[in-house]
Amino acid sequence: MATKVSSRFNQYQAFSIKANLAEIKRRIRAAAVVSGRQPEDIRLLLATKTVSANLIVEAIAAGETLIGENKVQELKQKDSVLSLLPLERHFIGHLQTNKIKEVLKYVTCIQSVDRNELLEKLDNRLQFEGRSLDILIQVNTSFEESKFGVHPNDAFNLLRLAKNYDTLNVKGLMTIGLFDADPEKVRPSFRLLKEIKEKAIDQCLLREDADLSMGMSGDLETAIEEGATIVRVGTAIFGKRNYPDSYYWNEQQTI
Ligand SMILES: *Cc1c(COP(=O)(O)O)cnc(C)c1O
């Protein structure tokens, strides 16, 4: 009888990470050219939820330098391998305040700050550690209940509050966008995030060069056309995940 392999970190597909990365880079370059932008102005973040440390090592060996994790538990599990590598780790998942101390052990940026309570508690801990942290404000641009992120109308207030904390460097905005396979349906989400950025710059709440973290495997071209400076790509590099994204975008469930 064949052994049943059921670790959620197992990848079943046969694929080449190197080839997938090359294809993503090509897509990024093409989208930049179409939008009259410089490809170097768009950074690729590898969304590595459920991806084993070994596969991440392959991507880093191929020249990548930035990954994003959704769960503190996974950061912890992969840390013994990943902490040895020249890479930057960001947090892109929903963050519960009781995980702040732990997440700060691993990441240099939290892209998913979406409420004042997080600002306050992050600042508390960072003051205690005597350090600062880069953050992005996550905005819910799809108005879907199941996604996290501050309501677009409240984003400015949250940006204003964030300015009060010397420990927090607000680098820009992040969004997941509408969950739809058709990039044109997602475009209004990306456009909204860009508009919020522009208004925030006018109000001196963000710098001119603020980041826009948006766009995933299926819609990175659209995101780049709308001004993305960081695209977060998982599936197109590492293959399909065994868990639906709702699993990662839902507060109740933890891994
Ligand atoms: C999983 C995930 C991504 C990447 O999605 P893919 O469709 O696999 O490219 C990007 N951002 C966040 C917040 C994610 O959770």
Side-chain angles (χ1 to χ4, degrees), residues 8-9 11-13 15 17 19-28 31 42-52 55-56 59 64 66-75 78 88-96 99 103 106-107 109-114 118 135-142 144 146-150 171-183 185-187 189-190 193 211-224 226 228-255:
R8 67 174 183 277
F9 290 132
Q11 309 286 320
Y12 299 104
Q13 298 88 350
F15 56 80
I17 286 178
N20 291 351
L21 276 170
E23 170 61 9
I24 289 294
K25 296 284 198 178
R26 187 200 60 74
R27 285 174 59 191
I28 291 173
I42 299 139
R43 206 166 172 207
L44 173 61
L45 175 147
L46 312 179
T48 49
K49 55 178 178 268
T50 78
V51 177
S52 71
L55 291 186
I56 299 171
E64 292 310 312
L66 176 62
I67 73 163
E69 288 282 359
N70 294 60
K71 298 277 182 192
V72 178
Q73 187 63 24
E74 285 195 48
L75 280 163
K78 302 173 199 176
E88 208 182 315
R89 284 173 284 181
H90 288 188
F91 192 74
I92 61 172
H94 180 66
L95 183 58
Q96 289 158 300
K99 300 277 171 64
V103 78
Y106 310 109
V107 302
C109 176
I110 296 178
Q111 296 202 358
S112 44
V113 176
D114 62 357
L118 268 186
I135 62 168
L136 303 184
I137 298 295
Q138 182 179 359
V139 184
N140 182 341
T141 54
S142 67
E144 288 170 294
S146 59
K147 303 253 179 73
F148 295 98
V150 62
K171 293 285 194 180
L173 305 171
M174 183 272 247
T175 198
I176 291 177
L178 186 74
F179 194 67
D180 197 293
D182 178 359
K185 296 223 174 95
V186 196
R187 189 185 294 277
S189 297
F190 298 152
L193 199 70
D211 275 313
L212 282 183
S213 174
M214 58 190 194
M216 314 196 294
S217 293
D219 50 31
L220 66 91
E221 286 86 355
T222 315
I224 290 170
E226 298 298 336
T229 63
I230 300 172
V231 292
R232 310 181 306 268
V233 181
T235 314
I237 296 165
F238 299 108
K240 274 212 161 54
R241 291 177 290 269
N242 295 331
Y243 284 71
D245 284 341
S246 58
Y247 192 80
Y248 284 85
W249 294 340
N250 189 322
E251 181 168 29
Q252 273 72 48
Q253 291 159 319
T254 49
I255 276 198

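Along the sequence shown, residues are numbered consecutively beginning with 1. Whatever order the structure lists them in is the order used to number ligands and atoms, beginning at 1.
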Enumerated ligand 1 atoms positioned under 4.0 Å from heavy atoms of K49: 1 (C), 2 (C), 3 (C), 14 (C), 15 (O)

Residues E69 and R89 bridged, charged N to O under 4.0 Å: no

To the nearest 0.5 Å, atom CG of N70 lies from atom CG of L75 at 9.0 Å

Spacing of CG belonging to L178 relative to OG belonging to S142, to within rounding of 0.5 Å: 5.5 Å

Within reach of ligand 1, part of N70 (heavy-atom separation under 4.0 Å): side chain

Option with minimal heavy-atom separation from atom 3 (C) of ligand 1, where the choices are M214, M216, K71: M216

Residue-level breakdown please: for A47 versus ligand 1, do any non-hydrogen atoms fall below 4.0 Å on the side chain, on the backbone, on both, or on neither? side chain

Please verify whether a non-hydrogen atom of R241 lies at under 4.0 Å from ligand 1. yes

CG of L44 to CD1 of I67: how many Å apart, nearest 0.5 Å? 12.0 Å

Numbered in order shown, the ligand 1 atoms found under 4.0 Å of a heavy atom of T235 are 6 (P), 7 (O), 8 (O), 9 (O)

Using modelled atom types only, decide if a donor and an acceptor are shared between the side chain of R27 and the backbone of S217 within a distance under 3.5 Å. yes

In terms of its nearest heavy atom to atom 9 (O) of ligand 1, the top option of G239, G68, S217, G218 is S217

Number the atoms of ligand 1 from 1 as they appear, then name those within less than 4.0 Å of a heavy atom of V233, with their elements. 9 (O)

Between ligand 1 and M174, is the shortest N or O to N or O distance under 3.5 Å? no

Give the numbers and elements of all ligand 1 atoms closer than 4.0 Å to a heavy atom of R232. 4 (C), 9 (O), 10 (C), 11 (N), 12 (C), 13 (C)

Atom pair CD1/CG of I237 and L55 - distance to nearest 0.5 Å: 11.5 Å

Under 3.5 Å, side chain of N140 to main-chain N/O of E144, donor-acceptor pair present? yes

